[in-house]
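This report concerns only the one structure given below.
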Amino acid sequence: RATEEGAMVVLVGFSSLGAEESVEDSLERARGATESLADVLARIGISREQQKILVVGPFIPMENPDRQGDRVEVTVISR
């Protein structure tokens with residue numbers, strides 16, 4: 001689906017805030033992981049123009065225990 005015309009791939013970077021870590025450092029870790037995944041996707045044929053990167057770091061807590069901690073979530077939006 002990501003390779004369909006008009007599809008957008010949304011990458012959302014999350015991070016946990018470490019005990020001795022600043023919010024800025026946590027956001028930077030999330031940004032780095034998200035950018036790395038964006039590079040991988042670009043190499044396999046999903047252009048940067050198709051990608052939208054959102055870095056939320058520790059600002060959006062999730063109640064689901066399977067969706068905690070450092071991660072990048074990928075959503076494909078097709079029209």
Side-chain angles (χ1 to χ4, degrees):
R1 290 181 21 179
T3 56
E4 291 177 7
E5 186 174 335
M8 179 189 306
V9 178
V10 182
L11 307 174
V12 184
F14 295 86
S15 59
S16 297
L17 185 60
E20 301 295 321
E21 183 177 42
S22 70
V23 170
E24 292 79 13
D25 288 344
S26 181
L27 285 168
E28 189 55 38
R29 280 191 306 105
R31 182 179 318 284
T34 307
E35 291 286 345
S36 291
L37 181 54
D39 290 342
V40 169
L41 293 176
R43 283 195 297 267
I44 65 169
I46 301 169
S47 71
R48 283 293 199 135
E49 290 77 29
Q50 283 182 265
Q51 300 178 33
K52 174 71 175 169
I53 294 176
L54 302 172
V55 179
V56 297
F59 293 127
I60 300 179
M62 296 287 183
E63 293 190 24
N64 182 338
D66 293 333
R67 295 178 71 194
Q68 298 293 321
D70 300 342
R71 68 194 183 285
V72 178
E73 293 187 4
V74 179
T75 303
V76 177
I77 301 171
S78 57
R79 298 177 192 232

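Contacts of R67 classified as side chain to side chain contact (heavy atoms under 4.5 Å, CB included), with partners at least two apart in sequence or in another chain: M62, N64, R71, E73. Every side chain to side chain contact (heavy atoms under 4.5 Å, CB included) that L54 has, sequence neighbours left out, goes to V10, V12, K52. Partners of D25 by salt bridge (Lys or Arg N to Asp or Glu O under 4.0 Å), not counting sequence neighbours: none found.
Taking both residues in full, the closest heavy atoms of V9 and A2 are given as CG2-CB, 3.7 Å, listed atom of the first, atom of the second, then distance. For the pair A7 and V76, the tightest heavy-atom approach, listed with the atom from each and the gap, is CB-CG1, 4.4 Å. Closest non-hydrogen pair, G69 versus F14, comes out as O-CB, 3.9 Å.
Of the possible donor and acceptor atoms, one in the side chain of S15 sits under 3.5 Å from a partner among the backbone N and O of S26. Counting only distance, with no hydrogens or angles, the side chain of Q51 and the backbone of L11 share no donor-acceptor pair below 3.5 Å.
Annotation: side-chain hydrogen bond (donor to acceptor under 3.5 Å, both in side chains) contacts involving residues 34-43, sequence neighbours excluded, comprise E35-R48, D39-R48. Counting only residues at least two apart or in different chains, side-chain hydrogen bond (donor to acceptor under 3.5 Å, both in side chains) contacts with residues 4-13 are absent.
The side-chain heavy atoms of P58 and L27, taken from C-beta on, include a pair separated by under 4.5 Å.
If you take CG on L41 and OG on S47, they are separated by 10.5 Å, rounding to the nearest 0.5 Å. Taking CG of D70 as the start and OG of S16 as the end, the distance is 5.0 Å to the nearest 0.5 Å.
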